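See structure below.
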Amino acid sequence: QVQLVESGGGLVQAGGSLRLSCAASGSIFSINAMGWYRQPPAKQRELVAAISSRGITNYADSVKGRFTISRDNAKNTVYLQMNSLKPEDTAVYYCNTQGYSDYGKGVRLFDSWGQGTQVTVSS
């Protein structure tokens, strides 16, 4: 019902920058929060950054000062600006969106995930 499409991943040298985008579509009534998770090779998925509908943000300690999360409520899109990238940032990055969807008889909670986008940082 609610789908997320991610873009912006790729290969970059250490110290470089990338900007990830995630657009939500479907029968969306409202979005409460959006965020980014990542899963490095052979490791568990971890929260990178999150932002509420009112603009309150939260970051993992490992990315503070380097990454910035933002959103465009009118476009149902969340962004992750990644600067000063390190090889340790190499991972598959996943977008997550939580909110309410319209199913015709009312609204219901949804929790959707993007397909993942690969970010590789070389030395």
Side-chain angles (χ1 to χ4, degrees):
Q1 295 181 355
V2 178
Q3 295 83 40
L4 307 182
V5 179
E6 304 176 19
S7 62
L11 175 65
V12 65
Q13 293 183 338
S17 299
L18 285 173
R19 192 190 194 202
L20 306 183
S21 298
C22 174
S25 63
S27 301
I28 299 172
F29 179 79
S30 65
I31 293 176
N32 302 125
M34 306 184 82
W36 290 93
Y37 292 73
R38 69 184 181 187
Q39 187 167 12
K43 294 184 178 180
Q44 294 182 329
R45 188 174 300 183
E46 63 180 357
L47 175 68
V48 177
I51 185 168
S52 73
S53 61
R54 294 180 292 277
I56 301 173
T57 59
N58 187 34
Y59 296 92
D61 289 340
S62 60
V63 306
K64 287 181 179 178
R66 299 189 298 120
F67 291 10
T68 302
I69 188 171
S70 62
R71 65 184 293 176
D72 185 335
N73 291 339
K75 297 181 178 180
N76 291 331
T77 300
V78 64
Y79 307 93
L80 185 66
Q81 179 66 46
M82 304 184 293
N83 298 326
S84 302
L85 283 163
K86 305 174 181 179
E88 307 92 87
D89 296 318
T90 296
V92 178
Y93 284 70
Y94 297 91
C95 176
N96 173 253
T97 300
Q98 300 173 350
Y100 292 91
S101 62
D102 186 347
Y103 66 98
K105 298 181 179 180
V107 297
R108 65 175 68 182
L109 287 167
F110 74 86
D111 186 348
S112 297
W113 292 85
Q115 80 282 4
T117 184
Q118 177 70 49
V119 172
T120 303
V121 184
S122 62
S123 301

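Model, not experiment: these values are computed from the prediction. Quick note: numbers below take in every heavy atom, side chains included, and nothing from hydrogens, waters or symmetry partners.
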Is it true that the side chains of Asn83 and Ser17 contain a donor and an acceptor less than 3.5 Å apart?
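Present: a donor and an acceptor within the cut-off.
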
Flag yes if more than 12 heavy atoms outside Phe29 fall under 6.0 Å of its CZ atom; otherwise flag no.
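Counting neighbours around CZ of Phe29, 12 or fewer heavy atoms of other residues, nucleotides or ligands fall under 6.0 Å, so no.
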
Should we count OH of Tyr100 as having more than 12 external heavy atoms under 6.0 Å?
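No, not enclosed.
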
Would you check if the side chain of [X] reaches a backbone N or O of [Y] as a donor-acceptor pair within less than 3.5 Å?
X	Y	result
Glu6	Cys95	yes
Arg45	Val92	no
Ser112	Val2	yes
Ser30	Gly99	no

Might you point out which heavy atoms bring [X] and [Y] nearest each other, and give the distance in Å?
X	Y	value
Ala91	Gln118	O-NE2, 3.4 Å
Leu20	Met82	CG-CE, 3.7 Å
Ile51	Ser70	CD1-CA, 4.1 Å
Thr97	Met34	OG1-CE, 3.1 Å
Gln115	Val5	OE1-CA, 3.9 Å
Leu47	Ala50	CD1-CB, 4.4 Å

With clusters defined by side-chain heavy atoms of hydrophobic residues (ILVMFWY) lying less than 4.5 Å apart, directly or transitively, does [Y] cluster with [X]?
X	Y	result
Tyr59	Tyr93	yes
Ile31	Leu4	no
Tyr94	Trp36	no
Tyr37	Val48	no

Distance check, rounded to the nearest 0.5 Å: [X] atom [atom1] versus [Y] atom [atom2]?
X	Y	atom1	atom2	result
Trp113	Cys22	CH2	SG	10.5 Å
Asp111	Gln98	CG	CD	4.5 Å
Asn76	Ser25	CG	OG	8.5 Å
Arg71	Thr57	CZ	OG1	12.0 Å
Phe110	Ile28	CZ	CD1	5.0 Å
Leu85	Gln13	CG	CD	11.5 Å

Check whether any side-chain heavy atom of Ser62 lies under 4.5 Å from a side-chain heavy atom of Arg38, and answer yes or no.
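Yes, at least one pair of side-chain atoms sits under 4.5 Å.
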
Is there a side-chain contact between Val78 and Ile69, using heavy atoms and a 4.5 Å cut-off?
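In contact.
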
Between Asn58 and Ile56, does a side-chain contact (heavy atoms from CB on, under 4.5 Å) hold up when you go through it step by step?
CA-CA 7 Å; Asn58 187 34; Ile56 301 173; over 6 Å; no

Under the salt bridge (Lys or Arg N to Asp or Glu O under 4.0 Å) rule, what do Lys86 and Asp89 come out as? Steps first, then yes or no, please.
CA-CA 5 Å; Lys86 305 174 181 179; Asp89 296 318; over 6 Å; no

